[in-house]
Amino acid sequence: MARLGSWIEPFPEGIYVRPADAWIDPSQPKAKALVTHGHADHARGGHTEVWATPETLAIMGVRYGDQNGHPVAYGEQFRIGEVDVSFVPAGHVLGSAQIVLEHAGERVVVSGDYKRRADPTCAPFEPVPCDIFITEATFGLPVFRHPDTGSEIDRLLHRLHADPSRCVLVGAYALGKAQRVITELRRRGHEQPIYYHGAVERLCNLYEELGVSLGEMRHTAGAKKEEMAGHIVIAPPSALNDRWSRRLPDPVTAMASGWMRIRQRARQSNIELPLIISDHADWDELTCTIRELAPREVWITHGREEALKHWCMIHQIKARELNLVGYEDEDE
Ligand SMILES: [Zn+2]
Ligand SMILES: [Zn+2]
């Protein structure tokens, strides 16, 4: 009998599904690509044909121009070559999907990036029991336990209200994190306008078009310094220590990322207000998900593979590192 999952071949540039002659999240241009979500390390331009959710295709359209895309709705079943495929929500960012592959009586789930906690900007992760679970492990160490998101947002609001002469500048990735922080603020009753850096504008507009309302947003470019005092400003992390921030009224620099658990990391980037808000599963989410899906094997795409592999071994689950390249370590 063939080895479990022998029809799935990991290469450094992505996962190749042989009986479909298709790749998952390839980092190089391929004839057929199945794309889990819109982050740049998973969704690249230049593929001949792309299968992805309508939201992911729209995000890729904003970044790379129109795709020769096959929109796939969550739960829709289709076939590529000899493989039955469906996309189910991954709870990571808008449009993010796990890819479920069935062939030769085996079911393989490729998680892409995922998280289990609630996110008002996207559909929640849907557990699909499987033979092989191909998972990320960005925060695959027991030290990574993300706190409740609401309490982090409360810390942000508390800091904002403490000094109305200053603004709070929040570093957040332009795709997903920025919109999540904004909607979480709205949920906690923050109705004031939120200012944004030009780099997050297009994706905020796209989220709005796709039905995620962000409330009143204003561009920093057209705003006077005094006008932004007492307000929240959202910018990509790269802009935090940039000349651009000089236009802001004495900003308190914050950053929303799972990496903010590591104090040293916050200090190195001059972050005064570290907010532990992550779009990736933490240690408990990773291990609880594996328990829940009860796969026969776990394959780990990227992140801190060692600890998760060890955990699997202790729990009598065969585990394997795939060593894919080009997947970033950022909390995107
Ligand atoms: Zn991602
Ligand atoms: Zn990723």
Side-chain angles (χ1 to χ4, degrees), residues 11 13-17 20-76 78 80 85-101 110-115 119 121-123 125 134 136 138 172-180 182 196-212 214 236-238 279-280 301-302 324-332:
F11 286 88
E13 76 259 39
I15 293 164
Y16 180 59
V17 186
D21 189 24
W23 292 77
I24 296 178
D25 290 355
S27 57
Q28 287 166 14
K30 300 290 180 189
K32 293 179 184 166
L34 309 177
V35 175
T36 59
H37 68 286
H39 280 144
D41 52 332
H42 298 259
R44 312 268 174 150
H47 306 306
T48 314
E49 282 181 279
V50 177
W51 282 261
T53 62
E55 294 86 357
T56 297
L57 289 174
I59 291 162
M60 292 174 79
V62 164
R63 293 188 153 167
Y64 309 119
D66 268 341
Q67 302 293 304
N68 182 11
H70 304 274
V72 181
Y74 289 135
E76 179 188 333
F78 61 104
I80 304 180
V85 185
S86 67
F87 284 42
V88 300
H92 175 57
V93 295
L94 183 62
S96 64
Q98 309 172 69
I99 299 179
V100 183
L101 305 162
V110 182
S111 75
D113 294 338
Y114 75 98
K115 69 173 175 294
D119 177 342
T121 67
C122 65
F125 179 97
I134 304 184
E136 62 136 325
T138 304
Y173 280 94
L175 170 57
K177 190 67 63 65
Q179 297 77 20
R180 181 171 171 216
I182 295 163
Y196 56 45
H197 182 282
V200 303
E201 181 180 8
R202 283 191 308 171
L203 287 163
C204 284
N205 291 343
L206 183 66
Y207 265 60
E208 286 268 1
E209 278 168 36
L210 296 172
V212 179
L214 302 176
S238 60
D279 282 332
H280 291 271
T301 53
H302 63 300
L324 302 187
V325 297
Y327 284 28
E328 280 165 32
D329 220 16
E330 304 296 349
D331 184 4
E332 294 183 317

Asks: Apply the side chain to side chain contact (heavy atoms under 4.5 Å, CB included) test between Ile134 and each candidate in Ile24, Ile99, Val110; give the one that qualifies.
Replies: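 When side chain to side chain contact (heavy atoms under 4.5 Å, CB included) is applied between Ile134 and each of Ile24, Ile99, Val110, only Val110 qualifies.
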
Asks: Using side-chain heavy atoms (C-beta onward) and a distance below 4.5 Å, is Leu324 in contact with Ile15?
Replies: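 The answer is yes, as the side chains (C-beta and beyond) meet within the 4.5 Å cut-off.
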
Asks: Indicate every side-chain donor-acceptor pair of residues 50-60 with a distance under 3.5 Å to a residue at least two apart or in another chain.
Replies:
unit_1 : atom_1 : unit_2 : atom_2 : d
Thr53  : OG1    : Thr56  : N      : 3.2
Thr53  : OG1    : Thr56  : OG1    : 3.0
Thr53  : OG1    : Gly95  : O      : 2.8
Thr56  : OG1    : Gly95  : O      : 3.1

Asks: At their closest point, which heavy atom of Ser111 faces which heavy atom of Ala90, and how far apart are they?
Replies: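 So the minimum-distance heavy-atom pair works out to O-CB, 3.9 Å.
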
Asks: Out of curiosity, Ser238 OG to His197 NE2, how far, rounded to the nearest 0.5 Å?
Replies: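 Here the interatomic distance stands at 6.5 Å.
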
Asks: Return yes when atom CG of Asp66 has more than 12 non-hydrogen atoms of other residues, nucleotides or ligands closer than 6.0 Å, and no otherwise.
Replies: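 No - once you tally the heavy atoms of other residues, nucleotides and ligands closer than 6.0 Å, there are 12 at most.
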
Asks: Which heavy atom in Ser86 sits nearest to a heavy atom in Glu76, and how many Å separate them?
Replies: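 In terms of heavy atoms, the two residues are closest at CB-O, 3.3 Å.
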
Asks: Got His39 and Val93 here, is their nearest side-chain heavy-atom distance under 4.5 Å?
Replies: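 The answer is yes, as the side chains (C-beta and beyond) meet within the 4.5 Å cut-off.
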
Asks: Please check: side-chain N/O of Glu208 versus main-chain N/O of Leu214, any donor-acceptor pairing under 3.5 Å?
Replies: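 Yes, because the side chain of Glu208 sits within donor-acceptor range (under 3.5 Å) of the backbone of Leu214.
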
Asks: What's the shortest heavy-atom distance between His37 and Ala43, and which atoms?
Replies: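 The answer is O-CB, 3.4 Å.
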
Asks: Quick one: closest heavy-atom pair of Tyr74 and Ala97, and the distance?
Replies: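 Closest pair (atom of Tyr74, atom of Ala97, distance): CE2-CB, 4.0 Å.
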
Asks: Taking the side chain as everything from C-beta on, heavy atoms only, tell me whether Val72 gets closer than 4.5 Å to Val85.
Replies: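 Side-chain contact under 4.5 Å: no.
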
Asks: Taking atom CD of Gln28 and atom CZ of Phe11, what is their separation to the nearest 0.5 Å?
Replies: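 If we round to the nearest 0.5 Å, Gln28:CD and Phe11:CZ are 11.0 Å apart.
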
Asks: Taking the side chain as every heavy atom from C-beta outward, state whether Leu175 and Arg63 have any atom pair closer than 4.5 Å.
Replies: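 Yes - at least one pair of side-chain heavy atoms lies under 4.5 Å apart.
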
Asks: Could you check whether any side-chain heavy atom of Thr48 comes within less than 4.5 Å of a side-chain heavy atom of Lys32, counting everything from C-beta outward?
Replies: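 The answer is no, as the side chains (C-beta and beyond) never meet within the 4.5 Å cut-off.
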
Asks: Looking at side-chain heavy atoms only, is the closest gap between Ile80 and Leu34 below 4.5 Å?
Replies: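 Yes, their side chains come closer than 4.5 Å.
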
Asks: Determine whether a donor-acceptor pair (N or O, by modelled atom type, separation under 3.5 Å) exists between the side chain of Gln98 and the backbone of Phe87.
Replies: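 Not at all, since once roles are kept as given, no pair shorter than 3.5 Å links the two residues.
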
Asks: Any non-hydrogen side-chain atom of Tyr207 less than 4.5 Å from a side-chain atom of Val200?
Replies: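 With C-beta onward as the side chain, the pair stays apart.
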
Asks: So how far is it from Arg180 CZ to Asp119 CG, rounded to the nearest 0.5 Å?
Replies: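 With rounding to 0.5 Å, CZ (Arg180) is 4.5 Å from CG (Asp119).
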
Asks: Treating Gln67 as the side-chain partner and Gly65 as the backbone partner, does any N or O pair qualify as donor plus acceptor under 3.5 Å?
Replies: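 Side chain of Gln67 to backbone of Gly65, a donor-acceptor pair under 3.5 Å: yes, one is there.
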
Asks: What distance separates His42 NE2 from Thr301 OG1, expressed to the nearest 0.5 Å?
Replies: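 It is 7.0 Å, given to the nearest 0.5 Å.
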
Asks: Under the side chain to side chain donor-acceptor pair (under 3.5 Å) rule, what do Asp21 and Tyr16 come out as? Steps first, then yes or no, please.
Replies: CA-CA 7 Å; Asp21 189 24; Tyr16 180 59; 2.7 Å; yes

Asks: Quick check: do Asp279 and Ser96 have side-chain heavy atoms less than 4.5 Å from each other?
Replies: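 Contact flag for Asp279/Ser96 side chains = no.
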
Asks: What class does the angle between the rings of His280 and His92 fall in, given that below 30° is parallel, 30 to 60° is tilted and above 60° is perpendicular?
Replies: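 His280 vs His92 ring planes: tilted.
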
Asks: Between CG of Leu203 and OH of Tyr196, what distance do you get to the nearest 0.5 Å?
Replies: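 So the gap between those two atoms works out to 11.0 Å.
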
Asks: Kindly write out the residues that satisfy salt bridge (charged side-chain N to carboxylate O under 4.0 Å, His left out) with Asp25, not counting sequence neighbours, or none if the list is empty.
Replies: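 Applying salt bridge (charged side-chain N to carboxylate O under 4.0 Å, His left out) to Asp25 gives none.
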
Asks: Could you pull out the closest heavy-atom pair between Thr138 and Glu136, with the gap in Å?
Replies: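 Looks like OG1-OE1, 2.6 Å.
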
